[in-house]
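Worksheet: one structure, shown below.
The sequence lines fix the lettering, A, B, ..., with proteins before strands; numbering per chain opens at 1. Predicted, not measured: the structure shown is a model, and the values here were computed from it.
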Protein chains: 2
Amino acid sequence: MDQTGRLRLSEARRRVTIRDLARDLDLSITTISRALNGHDDVGEATRTRIKERAEALGYRPNRNAQRLVTQRTHSLGWIQSSDDEKILDPHFVEVMGGVLHTAREKHYDIVMTGEASESQILAYDRYVRDNSVDGFIIDLPMPGDARIDFLLEHNVPFVVHGRTERHGEYSWVDIDNAGIFYRLTHLLVANGHRHIAFINGDERFTFAAQRRLGVRHALRDLGLPRETVTIHASRHPMGLTGQNLTKQALADTRITAIVYSSVLMAIEGQATLSELGRVAGQNICVATMDDQLHYIDASQYEGKFTFARSSLREAGKLIASTLMSLCERPETPIRTLVPYHFFVGNDLDLSKVDADIMKPSTQIPPYEPV
Amino acid sequence: MDQTGRLRLSEARRRVTIRDLARDLDLSITTISRALNGHDDVGEATRTRIKERAEALGYRPNRNAQRLVTQRTHSLGWIQSSDDEKILDPHFVEVMGGVLHTAREKHYDIVMTGEASESQILAYDRYVRDNSVDGFIIDLPMPGDARIDFLLEHNVPFVVHGRTERHGEYSWVDIDNAGIFYRLTHLLVANGHRHIAFINGDERFTFAAQRRLGVRHALRDLGLPRETVTIHASRHPMGLTGQNLTKQALADTRITAIVYSSVLMAIEGQATLSELGRVAGQNICVATMDDQLHYIDASQYEGKFTFARSSLREAGKLIASTLMSLCERPETPIRTLVPYHFFVGNDLDLSKVDADIMKPSTQIPPYEPV
DNA sequence: CACGCAGGCTAAAACGTTTCGGACAATCCG
DNA sequence: CGGATTGTCCGAAACGTTTTAGCCTGCGTG
């Protein structure tokens, strides 16, 4: 019994430490460390000797020891709501793919937690005080988002996917939500559509609120009544909402064009359209934001749909790289607009609208408070 | 310049350590530590005094110091493929929700990385050797999965969401994929369907392969030819596959029933069905696995569809709790079957099939090698 | 020849915990 | 009343790194 116990202990070979390596090479711990970390006060011959031996013995620095002494974790925190207020949806997955990709390149980890939204702030506080992470990713901001206030106040590095009214004070990655839908509205109106349905996302979040704003501003600038576009907002990015809201929208038979907030809903809506005998690109005009979700091949709808296309995965990559450089040397906020492009369906004519309006402005458009 | 620099440094108040707390309370570091960790060799009076003061000063143990000395990280690793072989899809998100929820309850973190699949094993190796995590979650296993071989060989705690041919040797959480589709097939056949289309998931993964097996075994036991069910496999869990494969399946006009592997595809397929003038529950029978994705309210289709319902989020919770208890005291493998229930549509009669067949077996059904 | 300097290496302190072994009183028991 | 026991507390070592400050040796220079 005791024997087997001991046996098992000896079997579980101890991980090789820097001390083992030092003994093996008959060098000091200091030299090993400095060689492996690329300092220039170690001879080239010794360095390669150390590197080879480290590889051979399978030495990996204990990350917790490193973190303890350097006070840097090389981890990025990402706190999810565990209740229903914010929903883990397919778009999130796409962003995550990009984040993981770029974080990995620079040997950063993503540490995730779910947390009820009423105790979220506490979670951020905890994570920063117990040295768990170097910085945070903030997803799906709402107007007046308390997380942003907190992190700003405590001077913790973070980057927001999206913008709020304090967008001047922190780093973010975003698309020009207002601008995209402003231009989309212009495009539809220029092509004669006067009864448009807009199936928006959850307007408690700034991204959706900005889209509504873009539509409204377009109508204002065109001198058209607000009723030109009827807006249907949904809390759920997919599932049956695409069908249900399409049905609801088309209850108004004057509708000639539908704008979707997500290609997922646009595709779901197809079921309802065909039930009603409508065919996209023929007797109903369909436009949608296309986030390039990589398991959906929207190319099948090219020509039939009009797309405003921007890669969410790319946004994820930018979020990660922004946050990492922020963690390495905190500087002034880094703000990035992810580019987008229009792919106009066959039933619309781009030349009917002023080219200046459709051109994405190169400068960063301001966030417009709701 | 130097002044402001100093100012800023002093502004960034140092985090409070256990030593600060000890000095403040005029107690030893040891006592603080033992009081906070619930050891019984500290007086109740002192303990509450310590706890209160710790709370007041906002003391949080440095997790990296803890991890260094205890050799336990309280982190679970979850490594994603960053290439396209495995796809981050909405089902993944659902599992993740459950995992995050339960991990959080026990103060565990999830650390994620993306890694190209050809170097995956190296990533696992790295994470365990540099003390990053205590154990791993393995997702979407394939037959002969190399990750499982590796972790088994190196004696690292892990739990698999799904099963492979080595299911006897490790911990897993799974549903009875084969059994569910075995029973579903029986149900359809008993109700007179002789031309059934099965739209399966990606059959490189064991979950989908087991489903196909369930169908095949049902046909064998029923003495029906294999052609009774035509199987269409898809690499993508959603997007346009639901529509495309439905179209492909119904090219055979004799088809009277469609079985979907995911409610997402079933819903997408509705577009195609209505195009073809088919109505679920009336002139076409629709059955589907329902993973209870929480942003999809499938109840709308109750009565019209037949569901085999099992909660993926529940699976996620079980995965987390299994892995955590495995990390705390490695013991014999823990195997868990997530329950499921049938919800039969109005166009099917449950009583036509032998009750014994439809009853989920209480014992764990063996994994059947492909 | 003395001096300064650069290159290559190292000892020791530090990071912030947990835990082992023991110390010191007070209490109990025969 | 003395020894064992129990209840609280503590000092010091340990976890595995990085970094600071400094030590040699050899070499070029005035």
Distance, rounded to the nearest Å, where [X] contributes [atom1] and [N] contributes [atom2]:
{"X": "Asp26(B)", "N": "dT8(D)", "atom1": "CG", "atom2": "P", "answer": "19 Å"}
{"X": "Leu36(B)", "N": "dT19(C)", "atom1": "CG", "atom2": "P", "answer": "13 Å"}
{"X": "Ile18(B)", "N": "dT17(C)", "atom1": "CD1", "atom2": "P", "answer": "6 Å"}

Does the gap between the ring centers of Tyr124(A) and Phe150(A) come in under 6.0 Å? no
By nearest heavy atom, map Thr70(B) and Arg34(A) onto DNA chain C; which one lands nearer the 5' end?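 The residue mapped nearer the 5' terminus is Arg34(A).
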If you pin Asp41(B) and Asn62(B) to their nearest nucleotides in DNA chain C, which one's is more 5'? Asn62(B)
Would you indicate, yes or no, if [N] has its OP1 or OP2 atom less than 4.0 angstrom from a side-chain nitrogen or oxygen of [X]?
{"X": "His39(A)", "N": "dT18(D)", "value": "no"}
{"X": "Ser33(B)", "N": "dT17(C)", "value": "no"}
{"X": "Asn37(B)", "N": "dT18(C)", "value": "yes"}
{"X": "Gln71(B)", "N": "dT18(C)", "value": "no"}
{"X": "Thr17(A)", "N": "dG16(D)", "value": "no"}
{"X": "Thr30(A)", "N": "dA12(C)", "value": "no"}

Run Asn131(A) and Arg15(B) through side chain to side chain donor-acceptor pair (under 3.5 Å) and show every step you take. CA-CA 9 Å; Asn131(A) 285 68; Arg15(B) 282 188 253 276; 3.0 Å; yes
Regarding Leu27(A), tell me which of base, sugar-phosphate or nothing describes its non-hydrogen contacts under 4.0 Å with the strands shown. sugar-phosphate
Report the C-alpha distance between Asp149(B) and Arg166(B) in whole Å, list the side-chain angles of each, state the deciding distance to 0.1 Å, and finish with yes or no for salt bridge (Lys or Arg N to Asp or Glu O under 4.0 Å). CA-CA 9 Å; Asp149(B) 295 342; Arg166(B) 298 187 72 176; 2.7 Å; yes
Residue whose closest nucleotide on DNA chain D lies nearer the 5' end, Ala65(B) versus Gln66(A):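 Nearest-nucleotide comparison on DNA chain D picks Ala65(B).
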Asp40(B) or Leu68(B): which one's nearest nucleotide on DNA chain D is closer to the 5' end? Asp40(B)
Starting the side chain at C-beta, find the nucleotide from dT19(D), dT10(C), dG16(D) nearest to Ser28(A).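 Among the listed nucleotides, the one closest to the side chain of Ser28(A) is dT10(C).
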Could you walk me through whether Asp125(B) and Arg129(B) pass the salt bridge (Lys or Arg N to Asp or Glu O under 4.0 Å) test, one step at a time? CA-CA 6 Å; Asp125(B) 192 34; Arg129(B) 281 221 310 277; 2.5 Å; yes
